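In what follows, a structure is listed as structure tokens, so that the remarks can point back to it.
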There are 2 protein chains.
Amino acid sequence: MTRKEQIRQVAQNMFREKGYAATSMRELAEAVGIEAASLYNHIKSKEEILQDICFGLANDFFSALDTVKDAEVPADVKLTQAINVHIKVITTNLDAAGVFLTEWRFLSEPHLSNFKNMRNRYEREFQRIVLEGIRQGIFKPTDVKLYCLSLFSAMNWIYQWYKPNGELSPNELGERFSLMLLDGLRV
Amino acid sequence: MTRKEQIRQVAQNMFREKGYAATSMRELAEAVGIEAASLYNHIKSKEEILQDICFGLANDFFSALDTVKDAEVPADVKLTQAINVHIKVITTNLDAAGVFLTEWRFLSEPHLSNFKNMRNRYEREFQRIVLEGIRQGIFKPTDVKLYCLSLFSAMNWIYQWYKPNGELSPNELGERFSLMLLDGLRV
DNA sequence: CCTACCGATCGGTAGG
DNA sequence: CCTACCGATCGGTAGG
């Protein structure tokens, strides 16, 4: 692991726990084990770290979704797969997920707009799958936007309480979630 | 409206939008229309404002829940009512809800522990209703904790996107949510 | 990677 | 409710 990767990993944890604004570069440096000024040999600014975390995880989400979104399967199966890979990304990147979900608003322009656009594109992929299911007659006619909003909030909240060493593996969790969230939708 | 109430209201909005840590007392004072030092004639500290917001809304949530939790009705009706009043509190206090849900972690001890305890007690009331329904045979046997976690996340996320002047009234929203979230649960 | 340091800003107080 | 000010801390740079 390079020093830059180490800085990012430590920062992920601190940004998640204390928040981006309340984390100082001196605290970050101390946790890494160097002086504050030395951080700037590896990064350009505090915000650059935030950008790396947010856009890095956005990339993970898209890569994961790409593996399932064009499969030739019924919409309920596809939605289950999409839920599973989304949860997988969160549960295996808890710190980054926390930052991605709550600290993105400290991005400056134009990164802030880029971020929002990516997020919207991602959410629309899920809406497309649900719409597909309604057209196929597999899902009840539903307020697609409201449903997806609730679906995302339930999935994204996982970072708040999931324990990597608890009883639930990411796969088991994904399965339970799919059942729970789909049974209200399936005809 | 007293000056203290005005300060709280302006602070709710700024804390929600910029975050507690990133909001300075000077910005707050300017938004109120006085000098920073003058704030301290009405409040003891920056954190006192946060405490008032967090515990004030906690009180609203409990008051709302009290009006429905002991009704002699089937569990599905009771859960629907609980969902409705919870959503009502959020949609009519959007700024305070945002602070309550994301900025509570900046509370210092012992307020932080008090806050967590209150939140746990509140969540357990919902779990009790779901358990009641399972015992009554109205709800499917379910992972109660996981279900309530998802229920709360979906309801609480509302503050992120709800527009008070949009098409959906709080009551309509509550109704749609209940249907959506209960239909996966009801036998 | 460090020492030394910059100007800016922080929450809050004294005194009127 | 204001002016004037406190010590502490902020993100970041110069120079080696």
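Note on naming: letters A, B, ... go to the chains in the order of the sequence lines (proteins, then strands), and numbering restarts at 1 for each one. Model, not experiment: these values are computed from the prediction.
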Identify every side-chain donor-acceptor pair in residues 36-44 of chain A under 3.5 Å, counting partners at least two apart or on other chains, and give the distances.
from: A:Asn41; atom 1: ND2; to: A:Ser38; atom 2: O; distance (Å): 3.4

Which donor-acceptor pairs under 3.5 Å do the side chains of residues 104-114 of chain B make with protein atoms, sequence neighbours left out?
from: B:Trp104; atom 1: NE1; to: B:Leu101; atom 2: O; distance (Å): 3.3
from: B:Arg105; atom 1: NE; to: B:Thr102; atom 2: O; distance (Å): 3.4
from: B:Arg105; atom 1: NH1; to: A:Arg16; atom 2: O; distance (Å): 3.1
from: B:Arg105; atom 1: NH2; to: A:Glu103; atom 2: OE2; distance (Å): 3.1
from: B:Ser108; atom 1: OG; to: B:Glu47; atom 2: OE1; distance (Å): 2.9
from: B:Ser108; atom 1: OG; to: B:Glu47; atom 2: OE2; distance (Å): 3.0
from: B:Glu109; atom 1: OE1; to: B:Ser113; atom 2: N; distance (Å): 3.3
from: B:Glu109; atom 1: OE1; to: B:Ser113; atom 2: OG; distance (Å): 2.7
from: B:Glu109; atom 1: OE2; to: B:Ser113; atom 2: OG; distance (Å): 3.1
from: B:His111; atom 1: ND1; to: B:Gln51; atom 2: NE2; distance (Å): 3.4
from: B:His111; atom 1: ND1; to: B:Ser108; atom 2: O; distance (Å): 3.3

Pairing annotation in dot-bracket form, given for DNA chain D with Watson-Crick or G-U pairs under 3.5 Å and | for cross-strand partners: ||||||||||||||||
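Residues passing the side-chain hydrogen bond (donor to acceptor under 3.5 Å, both in side chains) test with A:Gln127, sequence neighbours excluded: none. Residues passing the salt bridge (Lys or Arg N to Asp or Glu O under 4.0 Å) test with A:Arg124, sequence neighbours excluded: none. Evaluation of the side-chain hydrogen bond (donor to acceptor under 3.5 Å, both in side chains) rule for B:Asn156 yields B:His86 as partners, not counting sequence neighbours. For the salt bridge (Lys or Arg N to Asp or Glu O under 4.0 Å) test, no residue two or more places apart in sequence or in another chain qualifies with B:Arg119. Every residue was checked against the side-chain hydrogen bond (donor to acceptor under 3.5 Å, both in side chains) condition with A:Ser45, not counting sequence neighbours, and none meets it. In this view, A:Arg26 satisfies the salt bridge (Lys or Arg N to Asp or Glu O under 4.0 Å) rule with no residue, not counting sequence neighbours. In terms of the salt bridge (Lys or Arg N to Asp or Glu O under 4.0 Å) criterion, B:Glu35 has no residue partners (sequence neighbours excluded).
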Report, one pair per line, the protein and nucleotides 12-16 of chain C atoms (nitrogen or oxygen only) whose separation is under 3.5 Å.
from: C:dG12; atom 1: OP2; to: B:Tyr40; atom 2: OH; distance (Å): 2.9
from: C:dG12; atom 1: OP2; to: B:Lys46; atom 2: N; distance (Å): 2.8
from: C:dG12; atom 1: O6; to: B:Arg26; atom 2: NH2; distance (Å): 3.4

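For the segment residues 4-23 of chain B, residues with any heavy atom less than 4.0 angstrom from an atom of DNA chain C are, sorted by number, B:Thr23.
For D:dT9, neither phosphate oxygen OP1 nor OP2 lies less than 4.0 angstrom from any side-chain nitrogen or oxygen of A:Ser24.
Rounded to whole Å, the distance from CD on B:Glu35 to P on C:dC10 is 14 Å. Taking atom CG of residue A:Leu39 and atom C1' of nucleotide C:dC2, one finds them 12 Å apart after rounding to whole Å. If you measure from atom CG of B:Leu50 to atom P of C:dG11, you get 13 Å, rounded to the nearest angstrom.
The backbone N or O of A:Gly174 sits nowhere less than 3.5 Å from a side-chain atom of A:Lys88 that would complete a donor-acceptor pair.
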